[in-house]
Amino acid sequence: MTDAANAAALRPELPPARLWLGGEWVEPEGGRTFTSENPATEEVLCEVASASAADVDRAVAAARGALAGEWGATSARERGKLLWRLADALEERIQDFAVVETLDNGKPIFESRYVDMPSVVDCLRYYAGWADKVAGETLASSGPIGLTYTLREPVGAVGAITPWNFPLLLAAWKIAPALACGNVVIHKPASLTSLTALMLGALAAEVGFPAGVLNVLPGGGSEVGGTMVGHPGIDKIAFTGSTAVGIGIAKQAADTVKRLGLELGGKSANIVFADSDLDAAAKGAFNGIFYGKGEVCAAGSRLLVERTAHDELLEKLVARTERLQPADPLHPKTRLGALVSKEQRDSVLGYVEKGRREGAEVATGGAAAAVDGKGYFMQPTVLTGVDNAMTVAREEIFGPVLVTIPFDDAEEAVALANASVYGLAAGVWTRDVGKAHHVAARLQAGTVWINQYNWYDAGAPFGGYKQSGYGRELGRQALDYYTETKTVFVGK
Ligand code: NAD
């Protein structure tokens, strides 16, 4: 038996139906819970505590207490050590975290064990390294001023609100830089996938983070998330989720001029030129949409293919897609898991139906699937005969559904790629180096992959143009969003 299958047999302990608040497990005010379901089996996994507005008040008090007390007095170097210790502790428990992520989200254990969790560890270590290197500067003085310098200070209390597709990873993208810079965090995970976030909160306490530095409040979007956005004790909101919710948050945050980072939706174009290595491009297009069940903000969900290569590429892509079967997410060989919920699966199927009605053809897939008669699975799907104005080419489907659109030259490819309200990512496949860079420069997207797709790095900034959001996560850039700069003028 492999490690993964072993761990699946020995199901790890799930967190209790409590909030992680002020360094301990506490009952939510009102004692409400909600059910967490395994989308692959439709079985109840556990009950999860549902926080209320009063719990947000309690968490803010605990977090601000830490900021004014022990955490505020912790040196930058010590913060770095704590983050590094958290990474080590997570690495030791990596199998448990991966299995819980898979049970909660439906993603293949292959992804949670070998991509998501190692990437969380990597992100924690990357920002552990930054903790004692975030510094102000001494500036040239003018006039009667003797000395001018800047200080980089933590923003304060950060409210992190995250989606369900990469539950722990997208939380780490916020928590790691926030803590490295000396902030405190109140994290609201998505209701569908709260478990690993709760486990991380408890693990942070185990490795020595003071009580109140990281609080985890599962619960309703508007009740918990909305209260956080409006809360005067929270200084910044770091949000990843849908554009619709992000717009609402931006409006609400305006009332208190709250600092805001928004990582929103996408409809990313993956552009294949006829001069590319078509086998590599077909594989890249396949991974670009079917990795993570297509529930990936940066998924290459619009495949733009140079007309002369369209049919050949499609043939290769469909052949590969037909070998991909949805299967038990806990099996180590599975590469396509269950969609996160019945609601999400039905929404994706609704898009396929809409595509059909608007004239698209289903080249492969298009239907729901089940494993052992259960689960919210779906066949990997490719739609052809699509033009960029159709709903399936404009709206984020957030599932394993790819649309292909032909183009005639680079000019048209760039125009089609940019004809979207979104601007999160894009891919370019060509053997012509000059063309690759020229096209990359003209794409309105926060990330461009050339002859690859879906690669991320803790050191490389990630974020969106246009309605895909503002601010950047990861890399050195993220530090700017978790610090305030104070200028100090010293008279002679
Ligand atoms: P969602 O917007 O429905 O929810 C995201 C989070 O916001 C959840 O925790 C939810 O409970 C909370 N929320 C809901 N209503 C709220 C409100 N009124 N105030 C405050 N918080 C509220 O998104 P989702 O369905 O969980 O995730 C899918 C979406 O996330 C997709 O659109 C996807 O593109 C996007 N996403 C973006 C990125 C990125 O980095 N740009 C990464 C992953 C996912």
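We count ligands from 1, going down the list as the structure has it; atoms in each ligand are counted the same way. Keep in mind that what you see is a predicted model, and the values were worked out from it rather than measured.
Geometrically, R345 does not engage F377 in a cation-pi contact, judged by NZ or CZ lying under 6.0 Å from the ring centre and within 45° of the ring axis. Within the cation-pi definition used here (under 6.0 Å to the ring centroid, within 45° of the axis), R320 qualifies as a partner of F286.
When atom types are taken as modelled, the side chain of K107 and the backbone of K293 share no donor-acceptor pair closer than 3.5 angstrom. Under a 3.5 Å cut-off, the side chain of K267 and the backbone N or O of R302 do not form any donor-acceptor pair. Formation of a donor-acceptor pair under 3.5 Å by the Y453 side chain with backbone atoms of G300 is found in this model.
Side-chain N/O atoms of D104 and S36 include a donor and acceptor closer than 3.5 Å. Residues T102 and S112 bring a donor and an acceptor atom of their side chains to less than 3.5 Å of each other. For the residue pair R152/T483, the side-chain donor-acceptor check at 3.5 Å is satisfied. At a cut-off of 3.5 Å, with distance as the only test, a side-chain donor of Y351 or E395 sits close to an acceptor on the other residue.
At the shortest separation from atom 43 (C) of ligand 1 among protein heavy atoms lies N165 ND2, 3.1 Å. Among all non-hydrogen protein atoms, the one lying nearest atom 9 (O) of ligand 1 is T162 O, 2.8 Å. For atom 2 (O) of ligand 1, the nearest protein heavy atom (residue, atom name, distance) is S242 OG, 2.6 Å. In this structure, the protein non-hydrogen atom closest to atom 28 (C) of ligand 1 is F398 CE2, 3.5 Å. In terms of protein heavy atoms, atom 12 (C) of ligand 1 is closest to I161 CG2, 3.6 Å. Among protein heavy atoms, the minimum distance from atom 41 (N) of ligand 1 is reached at L264 O, 2.7 Å. Nearest protein heavy-atom contact of atom 21 (N) of ligand 1 is G221 O, 3.4 Å. Here the protein heavy atom with the shortest distance to atom 24 (P) of ligand 1 is W164 NE1, 3.3 Å.
Residue contacts with ligand 1 for L170 involve side-chain atoms from C-beta outward but no N, CA, C or O (heavy atoms, distance under 4.0 Å). Contacts of V224 with ligand 1, taken as heavy-atom pairs under 4.0 Å, are absent altogether. When non-hydrogen atoms are compared, ligand 1 lies under 4.0 Å from neither the backbone nor the side chain of F166. Of all the heavy atoms of E396, the ones lying under 4.0 Å from any atom of ligand 1 belong exclusively to the side chain. Under 4.0 Å from ligand 1, heavy atoms of T240 appear from its side chain as well as its backbone.
For the ligand labelled ligand 1, residue P189 lies inside the 4.0 Å heavy-atom shell. Residue contact check for ligand 1: G469 places no non-hydrogen atom closer than 4.0 Å to it. Under the 4.0 angstrom criterion for non-hydrogen atoms, F462 is in contact with ligand 1.
The ring of W449 has its center closer than 6.0 angstrom to the ring center of Y456. Ring to ring, F398 and W164 are close: their centroids are under 6.0 angstrom apart. Proximity of the aromatic rings of W173 and F166 is defined here by a centroid distance below 6.0 angstrom, and this criterion is not met.
When each atom of ligand 1 is checked for a heavy atom of G226 under 4.0 Å away, the hits are 19 (N), 20 (C). Close approach to L424 involves these atoms of ligand 1, each under 4.0 Å from a residue heavy atom: 41 (N). Atoms of ligand 1 found under 4.0 Å from any heavy atom of C297, numbered from 1 in the order shown, are 34 (O), 36 (N), 37 (C), 38 (C), 39 (C), 40 (O), 41 (N), 42 (C), 43 (C), 44 (C).
At under 3.5 Å, a nitrogen or oxygen of K188, whether backbone or side chain, sits near a nitrogen or oxygen of ligand 1.
Protein non-hydrogen atoms do reach within 4.0 Å of atom 15 (N) of ligand 1.
The closest heavy-atom contact to atom 35 (C) of ligand 1, among the options G241, S341, G265, comes from G241.
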side-chain contact (heavy atoms from CB on, under 4.5 Å) evaluation trace for L339 with E295: CA-CA 8 Å; L339 272 65; E295 292 170 340; 3.4 Å; yes

